[in-house]
Colleague: 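A single structure is presented below for examination.
Just so it is clear, the structure is predicted and the values come from calculations on it, not from any experiment. By convention in this document, chain letters (A, B, ...) are assigned in the order of the sequence lines, proteins followed by strands, and residues within each chain are numbered from 1.
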Number of protein chains: 2
Amino acid sequence: MTTRDRIVALADDLIRDRGINAFSFADISEEMGIKNASVHYYFPTKSSLCLAVIKRQQVALEEMISLAKKSAPLDRLEQYMSIYDRSKEADRVCLVGSLAPDLHTLNEDIRVALKEVAARILEWVTEILEEGRDEGVFRFGGNARSRALLIVTNMLASLQLTRLTKSEDFSIIKKSIIKDLTS
Amino acid sequence: MTTRDRIVALADDLIRDRGINAFSFADISEEMGIKNASVHYYFPTKSSLCLAVIKRQQVALEEMISLAKKSAPLDRLEQYMSIYDRSKEADRVCLVGSLAPDLHTLNEDIRVALKEVAARILEWVTEILEEGRDEGVFRFGGNARSRALLIVTNMLASLQLTRLTKSEDFSIIKKSIIKDLTS
DNA sequence: GTCTATATTCCGATAGAC
DNA sequence: GTCTATCGGAATATAGAC
């Protein structure tokens with residue numbers, strides 16, 4: 001992994017651990033054994049670093065959507081949920097859920113990119129639900145996008161809320177979502 | 001309203017607007033037309049101020065629960081949801097949803113208080129759902145607490161996600177929750 | 001209870017050598 | 001591409017006068 005990539009990966013982890021406004025270039029440079037100024041060589045501003053983190057997430061998301069393309073709807077939904085599994089294991093929240101509360105402190109570039117991510121996730125989940133209903137494996141009321149809104153909000157907030165309640169609550173939420181759809 | 005109360009109310013608004021780590025004592029003192037040091041007279045540390053904000057929320061929550069006590073389950077659920085209505089109108093997220101992503105930057109006192117709030121909300125919604133099901137006005141699968149987890153995560157994240165998607169999505173989520181329970 | 005003044009620390013960012 | 005050195009600013013917090 002290049003130095004640049006390591007910086008972005010570390011920033012991603014810090015944002016999802018403590019929030020964008022609670023980490024510094026020093027956190028990154030110290031962890032990497034380089035100097036503050038070296039991080040600025042790659043990312044002149046904190047905003048540019050944050051934007052790179054979001055762009056990286058966009059790429060990863062498209063990759064995952066592509067890879068999952070041939071799977072059945074239920075498998076695809078479980079692959080979507082597995083994103084949050086990995087976050088939960090590390091006690092991280094998701095990127096959208098970390099940045100949305102701080103949105104009013106972020107510049108326009110970042111807001112736009114984040115909106116793209118949110119829209120793409122919703123689009124993907126909507127697609128999965130539609131196909132699942134057409135195939136008769138999912139049952140749910142309302143249209144697919146409304147149902148996707150419910151599921152995405154469940155997953156986003158599950159990482160936040162279960163920092164405060166019992167950890168098992170995360171898997172209760174996941175299982176409830178699947179059960180609601182399949183019974 | 002006393003100066004102290006105004007400070008706490010302003011801090012609450014700032015936390016839910018931009019996050020705990022993105023506002024300063026200056027934001028509060030300037031808005032109130034007093035000096036930085038005067039805010040410190042009431043709250044020696046930022047942590048003590050944050051704790052006061054959470055305690056205030058606890059009081060407001062108990063008040064609302066008390067007042068709603070005699071209402072029917074569906075009314076009570078709508079009163080619960082109306083908390084988020086008011087936040088959405090002001091483009092604020094909820095307190096739990098603002099602080100949970102930053103939890104690892106907060107001290108133990110605050111974490112404990114925040115866990116109490118989350119537990120109390122869950123307890124209340126669970127109670128409403130149980131009673132509604134007993135009375136035959138709500139229908140849902142799984143136990144009441146699991147269902148409460150789904151609804152609370154829907155509401156918490158709706159404020160965050162709809163900062164990024166269409167504003168109407170907030171009311172779509174709300175209506176979907178009610179419809180799922182009552183049909 | 002509010003003020004002025006300031007200590008202290010930290011952070012984002014840049015200049016310029018190597 | 002990484003370093004040393006540092007600037008400028010902002011933030012939390014405190015001392016002490018009024």
Colleague: Please tell me if A/S38 has a side-chain N or O lying less than 4.0 Å from either OP1 or OP2 of D/dC3.
Modeller: yes
Colleague: Without hydrogens or angle criteria, can the side chains of B/N154 and A/T153 be said to hold a donor-acceptor pair below 3.5 Å?
Modeller: yes
Colleague: Scan nucleotides 13-18 of chain C nucleotide by nucleotide, 5' to 3', and note B when protein non-hydrogen atoms come under 4.0 Å of the base, S if they reach only the sugar-phosphate, - if neither.
Modeller: BBB---
Colleague: Considering non-hydrogen atoms only, spot the tightest contact between B/S98 and B/G19 and give its length.
Modeller: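 Distance-wise, the nearest heavy atoms are OG-CA, 3.8 Å.
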Colleague: Over how many whole Å does the gap from A/I28 atom CD1 to C/dC11 atom P extend?
Modeller: 12 Å
Colleague: Relative to A/Y41, does A/K35 satisfy both conditions: NZ or CZ under 6.0 angstrom from the six-membered ring centre, and within 45 degrees of the ring's axis?
Modeller: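 Checked: cation-pi criterion not met.
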Colleague: Considering only C/dG1, C/dC11, D/dC3, which nucleotide approaches the side chain of A/A26 most closely?
Modeller: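 Nearest to the side chain of A/A26 among the choices is C/dC11.
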Colleague: Using atom OH of A/Y42 as one end and atom C1' of C/dG12 as the other, report the distance to the nearest whole Å.
Modeller: 19 Å
Colleague: Between D/dA11 atom P and B/I20 atom CD1, what is the distance in whole Å?
Modeller: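 Answer to the nearest Å: 14 Å.
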Colleague: Can you measure B/L14 atom CG to D/dA11 atom C1' for me and round it to whole angstrom units?
Modeller: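 The distance from CG of B/L14 to C1' of D/dA11 comes to 15 Å, rounded to the nearest Å.
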Colleague: Roughly, in whole Å, what's the span from CE in A/M32 to P in D/dG1?
Modeller: 13 Å
Colleague: How about B/S82 and B/D85: does a side-chain donor come under 3.5 Å of a side-chain acceptor?
Modeller: no
Colleague: Do any side-chain nitrogens or oxygens of B/S29 fall under 4.0 Å of OP1 or OP2 in C/dT2?
Modeller: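 No, B/S29 has no side-chain N/O under 4.0 Å of OP1/OP2 on C/dT2.
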Colleague: In terms of side-chain geometry, is the basic nitrogen of B/R92 or B/D12 positioned less than 4.0 Å from the acidic oxygen of its partner?
Modeller: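 Judged by the 4.0 Å cut-off on N to carboxylate O distance, B/R92 and B/D12 do not form a salt bridge.
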Colleague: Whole-Å distance between C/dG12 C1' and A/F23 CZ?
Modeller: 11 Å
Colleague: When you check the side-chain N and O atoms of B/N21 and B/T105, is any donor under 3.5 Å from an acceptor?
Modeller: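 Short answer, yes.
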